[in-house]
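Reviewing the structure listed below.
As the structure is a computational prediction, the values presented were derived from the model and not from experiment.
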Amino acid sequence: LHPFMNLFFRQQYALADATVGLLVAGLSLALGFGGMFGRPVAQALGPRRGLVVLLGLAAVTGAGTLIPQPWVAYACYALSTFLIGIAFPFFDLLLIASVAPQQRGLTKSVASMQWSIGWATAAFISGQLQVQYGFWLPIVIFACGQGIAAFVAWHLPYRDQRTLPVAVGA
């Protein structure tokens with residue numbers, strides 16, 4: 001679940017549309033730049049531990065978005081977005097390592113389809129929750145979701161731990 005951050009910053013802090021546009025553009029850049037740091041994190045911590053640490057930190061910083069100071073909330077959310085950007089390549093790496101080589105194409109296709117369905121569903125649910133409860137509930141669910149994803153990543157079985165590559169983001 002992902003809250004509509006453009007609406008959050010406009011409604012919570014009465015920021016102008018131009019300012020919100022710059023903030024959202026900054027978040028997009030943070031997500032993109034994060035991907036460049038995947039390889040060093042994977043080499044330092046290993047893919048599984050790296051993903052767990054990144055998602056755990058993303059959960060904490062995502063929850064920090066609820067701090068009632070606009071620039072602190074933005075900094076927390078930008079850091080959360082940056083950490084998720086670093087973590088993106090880890091998902092594919094660990095997913096592929098968990099299936100037999102002949103199943104990898106289908107597995108990646110299903111994962112891509114699931115990702116698209118998940119974003120569409122999450123946007124709808126988030127919109128409904130924001131209308132009913134404001135932004136705090138979607139933000140809490142977002143942070144909890146990152147924590148749950150870290151837990152799941154730690155407990156996923158991988159076919160062969162010895163051959164798990166660290167060439168993330170190469």
Count I, L, V, M, F, W, Y as connected when their side-chain heavy atoms are under 4.5 Å apart, and connections chain through other members. Are L15 and V24 then in the same cluster?
yes

Closest non-hydrogen contact found for A73 with Y13 is CB-OH, 3.7 Å

Locate the shortest heavy-atom distance separating S126 from P138; write the atom from each residue and the value.
OG-CB, 3.9 Å

Ignoring hydrogens and angles, write down the donor-acceptor pairs under 3.5 Å from the side chains of residues 111-118, residues two or more places apart or on other chains.
residue: S116; atom: OG; partner: S112; partner atom: O; Å: 3.4

Check the angle between the aromatic planes of F91 and F88 and answer parallel, tilted or perpendicular using the 30° and 60° thresholds.
tilted

In the structure I gave you, are the side-chain heavy atoms of V110 and L106 within less than 4.5 Å of one another anywhere?
yes

Closest non-hydrogen atom pair, V52 against A150:
CG2-O, 3.5 Å

Give every residue pair that meets the side-chain hydrogen bond (donor to acceptor under 3.5 Å, both in side chains) criterion with at least one member in residues 67-89, sequence neighbours excluded.
H2-Y77

Determine the minimum heavy-atom distance between F4 and F135, stating which atoms define it.
O-CE2, 3.7 Å

Minimal heavy-atom distance between T107 and Q103, with the atoms involved, is OG1-O, 2.7 Å

Shortest non-hydrogen pair, L66 vs W136, comes out as CD2-CA, 3.8 Å

Any side-chain heavy-atom pair from V41 and F90 closer than 4.5 angstrom?
yes

Min side-chain heavy-atom separation L129-I141 under 4.5 Å:
yes

Stepwise, does the side chain to side chain contact (heavy atoms under 4.5 Å, CB included) test hold for F142 with T65?
CA-CA 11 Å; F142 166 77; T65 305; over 6 Å; no

Could you tell me if the side chain of I84 sits less than 4.5 Å from the side chain of Q146, heavy atoms only?
yes

